[in-house]
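Please read the structure below before turning to the comments.
Quick caveat, the model's predicted, so the values are computed rather than measured. We name chains A, B, ... by the order of the sequence lines, and we start the count at 1 in each one.
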Protein chains: 2
Amino acid sequence: MSQTASNPVQELLVAPRLAALGNETRLAIYRSLVRAGQNGLPVAGVQERLQIPASTLSHHLRRLVEVGLVTQEREGTTLHCTADFQVMSDTFALFQRECCADVSDPTQNPCC
Amino acid sequence: MSQTASNPVQELLVAPRLAALGNETRLAIYRSLVRAGQNGLPVAGVQERLQIPASTLSHHLRRLVEVGLVTQEREGTTLHCTADFQVMSDTFALFQRECCADVSDPTQNPCC
DNA sequence: TCGATATTTCTAGAATTTTAGAACCAACAG
DNA sequence: CTGTTGGTTCTAAAATTCTAGAAATATCGA
C-alpha cells in the first residue's frame, strides 16, 4: 500500500531516496528496471546488462530496496526486481508542492 | 538559457543533481530557497533559517550551484541565491520519459 | 545427496563526503 | 584608511560510501 506524499514517513525518505539515485551505478540499475517496466528484471538480468560484479550489484540493490524505490519478489531461485515508479513520482511531487510557499505576494511567484 | 531535458549535458548531470539533494543539509538549503520562490534568499538569510556554520553552508551552496540547481547573483556585498526549479523538473522528466522503454508488448506497461 | 545456479553476506581497502574552525578577501559606510 | 558585514577558501579530522573478492546460503534438478 503506497503512502501519500504528505505522509511524514515519506518526508523522512526524500533525501535517502535522492541519495540512492545520486550514485551513477545505482541510477543505471534503477533505470534499467524502469525501462523494463512492470515486469522488472531478475538480478542476473541487471547484471548481464550492466556488467557489475554480483556483490556490488547486490549491495546497491539493497539500498534501492531499503528506500522503497525497488521491490523484490522471489520466484524460486531467481529474485525479481521491479522499480516502483510511483514512489519516485511522489517524492518529486513533494518539491512541487512547497514551491514558493514562503512568498506572501502571489504576483511574485510566476513559477508555480 | 536552460537546456532541454534530452540534452546529453543534462543526462550527465542527473546523478550529480540527485546526489546534491540527497544530503539532508543540502536538501534543507534547497528547500528553503524553493520556498522563497523567485526572489530567493541571501546566503545570510539561509544561514539564519537553518543555523548552519558559514563555511559549511558555503560549501554546500557551491555544490548546488555547480550542478545548476541554484543560481547566485551578487548585489553589492550580499550574494543572492535562487533555486532553479525548472532544472529539477527537467531532471525528473528524464525518468518519466524512459519508463517502460524496453517493454515490447504495450499491454504490459500500464504505468506510463 | 550432489551439483549447479542465483544471490547474499563478510570483509576490507580506497575514495569521497561531511563538517566546521580559522584565516582570508571584497565591498561598503564612516 | 579603518572597521564591519557578508562570504569564501584552507585545512584537517571523522564519518560514510563504494567496490569487489571470497566465502556462505538457498533453491532446485538429476
### Query
Within this structure, what is the NE2-to-P distance between B:His60 and C:dT18, rounded to whole angstrom?
6 Å
### Task
Rounded off to whole Å, could you give me the CD-to-P distance for the B:Glu48 and D:dG7 pair?
11 Å
### Message
Could you walk me through whether B:Glu24 and A:Arg17 satisfy the salt bridge (Lys or Arg N to Asp or Glu O under 4.0 Å) test, starting with their C-alpha distance in whole Å, then the side-chain angles of each, then the deciding distance to 0.1 Å, before giving a yes or no?
### Response
CA-CA 11 Å; B:Glu24 300 283 1; A:Arg17 280 174 181 161; over 6 Å; no
### Query
Would B:Arg62 and B:Val70 satisfy side-chain contact (heavy atoms from CB on, under 4.5 Å), going step by step from the backbone distance to the final call?
CA-CA 9 Å; B:Arg62 176 164 24 161; B:Val70 167; over 6 Å; no
### Task
Only pairs at least two apart or in different chains count here, so list each side-chain hydrogen bond (donor to acceptor under 3.5 Å, both in side chains) that has a residue in residues 66-80 of chain A.
none
### Where A:Gly40 and A:Ala36 come nearest, the two heavy atoms and their spacing
O-CB, 3.7 Å
#### Entry: Minimal non-hydrogen separation, A:Thr82 against A:Gly37, with atom names
CG2-O, 4.0 Å
## Note on the structure
A correct 5'-to-3' footprint of nucleotides 2-17 of chain C, with B, S and - meaning base, sugar-phosphate only and no protein heavy atom under 4.0 Å, is ---BSSBB-------S
